[in-house]
Amino acid sequence: MENALSINQPIKVSQSLMKSLNEYILGNECGIVFKAKYIDKTLSMPPTDAMKLGIYFEYMATGALPRSGETPEAEMVYKGKPNEKMSADYERATASAEFFKSLMKFWQIEIKEVGLVMETDEMKGIADLLVEWNGKPAIIDLKYTGLIDDKWSDMGWHKDFLSQKDGLLIQGVMYKMLAKEVLGIEDIDFYFWVFDTKNPLNVRIIKEIVDTEKFEMHKSAVQSTKNYIENQIKNNWAWKAYPSLLKCASCPLKPNCEHAVDYPLIEEVYY
């Protein structure tokens, strides 16, 4: 099968593409899946239960529809019975969305645009919210997570070690660069609003302050990402599969994938 993406078509690097390529290089992301998602663009991975919850929260908070265009619905329990109601997880997500709205009102934050697409020849990003806060433009990115107080996970939002978590903070760097190039806004304020899936009152408002050196580093990383992918396409190099029982079990490509496995692979440990 020929690559759907030609090297004559510009590759626009998103933060998710960068993260996935890095995981592929480390052997944690299957190259067959990466190629289908970002090169052929024939695969959209189904959302996990946690993702569905986050999509519902964001919809209730801002009205933003997911890329599928389908309106998110709450998960119900005791369906068809007189005591039918939202599950506890979705009740908390609804409460968190209401708390978000109250915070916006408290700080008199005006939403200017929801789901703002910012795109250059090199990069692409979608900002959850472009707002006006204290008379200044700002970007707010919403997170709905069970890791708000986690120090050790790469996706944990506890303040300790947060400044070392490139996988999270790369977003602020990229969106500040995009806002400058696309919107003409120099050093726009960028915030993460992080909501806890277990407690609607556990919320962290994080303003990301970016060292100017990070912009050049990120620019270089974007170019390296583009070069890697373009070389793969130009030389028709194979994307290496990294099958595993767990990942293959939920992969939409499994029925037609020659690399898929239905058993745990034997791993070697040298001692």
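We count residues from 1, following the sequence as given.
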Side chains of Gln171 and Lys143 only: does a donor on one sit below 3.5 Å from an acceptor on the other? yes

Close side-chain approach of Asp189 and Lys207, heavy atoms under 4.5 Å: yes

Check side chain to side chain contact (heavy atoms under 4.5 Å, CB included) between Asp154 and all other residues, then give those that pass, not counting sequence neighbours. none

Evaluate the ring planes of Phe190 and Phe192, with Trp represented by its six-membered ring, and classify them as parallel (under 30°), tilted (30 to 60°) or perpendicular (over 60°). perpendicular

Contact between Met18 and Ile170 at the side-chain level, heavy atoms closer than 4.5 Å - yes or no? yes

Is the Lys NZ or Arg CZ of Lys226 less than 6.0 Å from the centre of Tyr228's six-membered ring, within 45° of the axis? no

Heavy-atom side-chain contact between Phe57 and Leu142 under 4.5 Å: yes

Verdict with reasoning, Gln15 to Lys124, per side chain to side chain donor-acceptor pair (under 3.5 Å): CA-CA 8 Å; Gln15 57 154 342; Lys124 179 178 180 179; over 6 Å; no

Is Lys101 salt-bridged to Glu98, going by a charged N under 4.0 Å from an acidic O? yes

Passing candidate, side chain to side chain contact (heavy atoms under 4.5 Å, CB included) with Glu113, options Leu130, Ile139, Val131: Leu130

Is there a side-chain contact between Lys12 and Glu122, using heavy atoms and a 4.5 Å cut-off? no

Heavy-atom neighbours of Lys214 NZ exceed 12 at 6.0 Å: no

Side chain to side chain donor-acceptor pair (under 3.5 Å), that's the test. Do Tyr56 and Thr94 meet it? Break it down for me. CA-CA 8 Å; Tyr56 173 82; Thr94 302; 2.9 Å; yes

Greater than 12 external heavy atoms within 6.0 Å of Glu73's CD: no

Tyr24 vs Trp239 aromatic rings, parallel, tilted or perpendicular, using cut-offs 30° and 60°? tilted

Do Glu84 and Lys79 sit within salt-bridge range, that is, some charged N less than 4.0 Å from a carboxylate O? no

Does Lys165 NZ have over 12 foreign heavy atoms under 6.0 Å away? yes

Between Glu58 and Phe195, is there a side-chain heavy-atom distance shorter than 4.5 Å? no

Looking at Met217, I want to see if its CE is surrounded by more than 12 non-hydrogen atoms of other residues, nucleotides or ligands under 6.0 Å. no

In the structure I gave you, are the side-chain heavy atoms of Ile206 and Leu162 within less than 4.5 Å of one another anywhere? yes

May I ask you to test the Ser20-Tyr38 pair for a side-chain heavy-atom distance under 4.5 Å? yes

Under 4.5 Å between any side-chain heavy atoms of His158 and Asp150, yes or no? no

